[in-house]
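Numbered from 1 within each chain, the chains take letters A, B, ... in sequence-line order.
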Amino acid sequence: MATDSQVFEPPKQGEGFPQIEERVLRRWKEIGVFEKSLERREGAERFVFYEGPPTANGRPGSHHVLSRVFKDIFPRYKTMQGYRVDRKAGWDCHGLPVELEIEKELGLSSKHEIENYGIAAFNQKCRESVLRYVEDWNALTERIGFWIDLDDPYRTMSNDYVESVWWSLKEIHNQGRLYEGHRVVPYCPRCGTALSSHEVALGYKDVEDPSVYVKLPVTGQPNTHLLIWTTTPWTLPGNVAVAVGPEVTYAKVEHGGETLILANDLIERVLGEDAKATSTLTGTELTALTYDGPVFELNDRPPAPSPIISGDFVTTGDGTGLVHIAPAFGEDDYQVAAAHGIFDPTQQDTLYNPVGLDGTYDDRVAGFEGRFVKDKDLTEELIADLDRRGLLLKAQTYEHSYPHCWRCSTPLIYYAKGSWYIKTTEIREQMLAGNDGISWYPPHIKHGRFGDWLENNVDWALSRERYWGTPLPVWINDEDPDEQVVIGSYAELEQLSGQKIEDPHRPYIDEVTFPAPSGSGTMRRVPEVIDAWYDSGSMPFAQWHYPFENKEIFDEKFPAQYICEALDQTRGWFYSLLAVSTLMFEKPSYETVLCLGLILDPEGQKMSKSRGNVVAPWDVIDEHGADAFRWYYFTSKEPWAGYRFSTETVGESVRKFLLTLWNTFGFLVLYANAGDEDGANARPVAERNDFDRWALSRLQSTVATVTDRLDDYDATAAGRSIDDFIDELSNWYVRGSRRRFWDADPDAIATLRDCLVTVAQLLAPFTPFVADEIYTKLAGPGGEASVHLTDFPKPDDDKRDQRLEQDMATARAAVELARAARAQAKVKIRQPLGEIVVVASGEEREAIGRFEELILGELNVKSVRYVTDADELAKFELRPNFKALGPRLGKNMPQAKEAIAALDGAKANENLKNGKPVRLNVAGEEILLTADDVQVVLAPLDGYQLEREGTHAVALDLTVTEQLKREGLAREVVHAVQNARKDSGLAVEDRITLKLGGDETLLAAAREHEDYVAGETLAVVADIGGADSDEGIVATVEGLELSIVVAKTV
RNA sequence: GGGCGAUUAGCUCAGUCGGUUAGAGCGCAUCUCUGAUAAGGAUGAGGUCCCAGGUUCGAAUCCUGGAUCGCCCA
């Protein structure tokens, strides 16, 4: 037995969870717990986690807390299991969002204005802004207990990082997979800039556009025309083909003395009711034909047959079912033309594009040279020209929503711009095979959203005509664009150029030139930077400046076992990681990926600043604490389903779980200290009572469940099983063992302490603060300095007793039934009753017998009587076991159900118990029912206060004798005295002298049970009747007056 | 327009292989317990399992179609 005045340090009065957590945080820092937890696993097997880098140019929100706590829990768990889990933080620094932010700040609105402002100054602003909120991020990261090394993060803008990215691009170039092609982008011809999809979304307007039906003569078939439809006649000079749907049925129609070909389904809509098909043909048949191109006179393209090709995107939703293809002016057009070999996407100049960057036709378009393509007059003239040449069927207008430049309101055009690509289509099969080996949570992403995306892979458009990004390391001879050098390191560039590379960013890198290796001309860098997704996808090696240094570290930490981000990363980081590592290392860089859902407000709306429904993480933390926040995210639902979230919802998880846990902890500390007992002298577990062994068995079952679920990355089920255990521990074990704690029973204290210490370890990855607080207070001198330095508990099967757990469940069920019966009869528990009658047999009866004392205490009943044959209380009824009988009986099942209900339950039960089958007649056939085929249940007989469940029932003898009545009154008196103690501000362990006065009935009951009253109220001296009727505290008990005088003894 | 997911009590969510009487917590009402608790217990009200078909002896569960919401893509 401990000799200190305090066995365990008690929780501080009035300290809330947020304060406790801050205290724990300080201790972690002092001791260096995170660092220690890593040192402990020096040389151990690695568990590799990759941090997907956030951009720190804004304050972190609640959705960031979600991903950060899920990034934390599994590395903590694996660390406790003995793995070494290094965690390196990272920051994503480049990219268009950063630039847009600075543009807004500086009031710039075009690339032209940025260049006037100066790229050097602009990029400097970007550089400063990306880490603007890094302190906020670090503070929040630390406060929510996300353990990651914030002191040595990787930054995608650092020279080392950029160099590693360059190295990888050169490798890809050496593989022949880096090429210059075109990319069809939404383009503003006035601003001379391409727009991101985000910008495009800003500028949709409803406009009227021309709707033109054009006839294209079929080669060698006089007077026969393909009928095409377009809303952008300016694209017709760029026409190189016509696409048809392979599954679409086409028709030849006589119309105005000509034969027109169009989709069968669209004849009426395009040509009117009178038009009739004369014959039909399939899209595939059409592809055997050609038509006379080009549509407009072109100075470099003499008339020649043009191909008809098939395209899956062709529908009969509008138009004619024949789609004019101008690969320079449409994404579909570009892809389908490339796929049919009409041009070679890897050969820049094979794409036919007669429109310049300023949006005007070049010299090739005869008669329209220099005209702006979106000019209204031009459109009229183009239509008139078609009409004059007999190619126009009709021209109308068409109202639709069309994107405009959000800056200058010019209608955007889709336009093929020069762009650098990575030929990811070549590694598509490898990526698919790699994906097959990745574990996805939730699983449907793997072959759903992500798998589909991989199946439809197109080459990665890598370059961006922007400023703040990793510069594309391609140098081109200004005299011969075919001479190109891709640079893979600073040393290489320094050697070629003789210049020192201080900063690889624009504009400095643009100044670095060198003489062409061929001997004539100067090598200059292309102007583009690369897609920021490529940066983050390179983090497995670039974070280590691989291959320039840290080769061993990289080898050890590739691939990652675990990554975790929100669902929107499927086409972002999840893809870029897979693509880059498949290119570089021919395998995926991650084995398990957890996708998290979105954070919604309680109405199911996405949280956004504009809606004003954002919940700031600090509000939640200040009010409820980080553990509550974490616990809510982990256990409230499956994390990929999205969270309907508010500060109040988090509060529920505190009340329900953390407070129960905390109160249980407080209870143990209170009585361990009061009794000066730390449990060290408890008997071995095997010798402790059933209740103790039950709690420890349930604990071990919980350890097993938690381990099993966390191994499957299922924090939800794992956490819920801990929740269930704490509920049982608090509301059943502690509640049922209170007297033993008052007496400081070493077994009880050791048991509860053991449960709480182990639970603290189980909880350490979930709620690291409260877990550590409880652990360090209870672990004692043999424990570690922190729960996070301990090994995760392993399930101990020797302490598990399935039978005991089952028996306890039966006993609990009996208590619940009896409580329900009391409530029904409106007899409160304070009133003792004589007898409980339990209908049970076999194992159930044994179970109840085993916990009889507990049950009697819980129910305040004197004795239990068992009834095996329940006839006097209830009757048996039979119910079919559908699962067994359904497949056997099929259509006769409903009849059998009736027949079974009509059987004599008691007799059938008797037979079944003796192994005799029960005969049943259904549809003229005799059926033999065995015990497996039916369920026997109890139905109450009239006139009994009975509660039942299955074959199990409890009845109460409600007779209250005079003696029981007086005993009940004595309990009422105790209750009143306890209240008086509380009112007088006495501590629970204070001894008192007690004087009672008032109504004689009450005093008589108290006298009869004087020992009980004195014992319960810790009265050393009891003077029953010694108080005047108006002395002390006057209480009303059962309508009678009782005066109570309590005084603390010295 | 396409793909994926979701829809169960007032709210937040479970619901296994299809098994006939769909559960929990919160909230509400009534009662109750208290020598740990911001607590606990009991009872009750509260359900067209989104809708319509289908498969089946039997559907919240499987299939088809539709509706609504969300995400991604166009």
Side-chain angles (χ1 to χ4, degrees), chain A residues 11 16 197 313 315 317-318 331-332 442 444-445 447-453 455-456 566-572 595 597-598 600 602-606 632 635-638 640-646 648-649 651-671 674 716-717 720 723-724 727 730-732 734-735 738-739 741-742 815-824 826-830 858 860 879-897 937 947 974-975 978-979 981-982 986-990 1016-1018:
Chain A
S197 58
F313 60 90
T315 64
D318 51 19
E331 176 67 26
D332 282 337
H444 63 80
I445 308 271
H447 293 121
R449 188 176 286 198
F450 195 66
D452 286 347
W453 164 250
E455 292 278 358
N456 298 314
L567 201 57
D568 55 8
Q569 296 295 330
T570 352
R571 280 153 202 215
C595 301
L598 280 109
L600 308 170
E603 272 72 52
Q605 298 287 307
K606 190 176 172 174
Y632 164 76
T635 59
S636 71
K637 59 192 306 191
E638 287 177 316
W640 43 81
Y643 292 79
R644 293 198 173 189
F645 166 73
S646 68
E648 292 70 44
T649 338
E652 259 181 43
S653 69
V654 189
R655 278 191 291 280
K656 186 70 189 71
F657 174 69
L658 289 177
L659 272 176
T660 310
L661 172 68
W662 194 248
N663 291 332
T664 308
F665 163 66
F667 176 89
L668 171 67
V669 171
L670 178 62
Y671 288 107
T716 313
R720 285 177 180 177
D723 197 348
D724 290 344
D727 186 65
S730 167
N731 290 320
W732 191 243
V734 170
R735 181 188 165 86
R738 271 178 300 198
R739 264 163 213 283
F741 284 96
W742 302 341
V815 168
E816 269 155 32
L817 290 175
R819 275 209 281 247
R822 265 192 181 267
Q824 284 290 308
K826 297 206 185 300
V827 181
K828 52 183 157 181
I829 293 194
R830 225 179 285 150
E858 277 297 311
N860 196 15
R879 282 191 195 151
N881 178 359
F882 289 98
K883 208 166 176 175
L885 288 174
R888 232 165 82 200
L889 299 181
K891 282 189 166 47
N892 293 328
M893 193 63 229
Q895 268 177 282
K897 185 183 171 187
V937 296
E947 292 293 323
V974 167
H975 180 53
Q978 302 296 19
N979 285 337
R981 281 183 62 116
K982 225 179 232 173
L986 294 170
V988 291
E989 67 274 15
D990 287 342
E1016 289 293 301
T1017 61
L1018 300 184

Check: Nearest to the side chain of A:Asn731, which nucleotide is it out of B:rG40, B:rA36, B:rG5?
Finding: B:rG40
Margin query: Rounding to an integer number of angstrom, what distance separates B:rC50 and B:rU61 when you compare their P atoms?
Written below: 8 Å
Notebook entry, point to check: Whom does B:rA59 pair with, Watson-Crick or G-U wobble, provided both distances fall under 3.5 Å?
Noted result: none
Check: Donor-acceptor pair under 3.5 Å: do we get one between A:Arg449's side chain and the base of B:rC71?
Finding: yes
Notebook entry, point to check: If you check the A:Gln978 side chain, which of B:rA36, B:rC13, B:rG35 turns out closest?
Noted result: B:rG35
Checklist line | Closest to side chain of A:Ser730, choosing from B:rA36, B:rC17, B:rC71 | finding: B:rA36
Notebook entry, point to check: Within this structure, what is the CG-to-C1' distance between A:Asp724 and B:rG25, rounded to whole angstrom?
Noted result: 11 Å
Notebook entry, point to check: Ring stacking, A:Tyr671 with base of B:rA36, under 5.5 Å and under 30°?
Noted result: no
Check: When rounded to the nearest Å, what value does the distance between P atoms of B:rU8 and B:rA14 take?
Finding: 11 Å
Check: Tell me: CG of A:Leu567 to P of B:rC71, nearest whole Å?
Finding: 11 Å
Checklist line | Check: A:Phe450 ring centroid to A:Trp453 ring centroid under 6.0 Å | finding: no
Item checked: Mate of B:rG70 where both pairing distances stay under 3.5 Å, Watson-Crick or G-U -> B:rC4
Notebook entry, point to check: Which of the following nucleotides, B:rU34, B:rG35, B:rC4, is nearest to the side chain of A:His975?
Noted result: B:rU34
Next item on the list: Considering only atom P, compute the distance from B:rU48 to B:rG58 and round it to an integer number of Å.
Entry: 24 Å
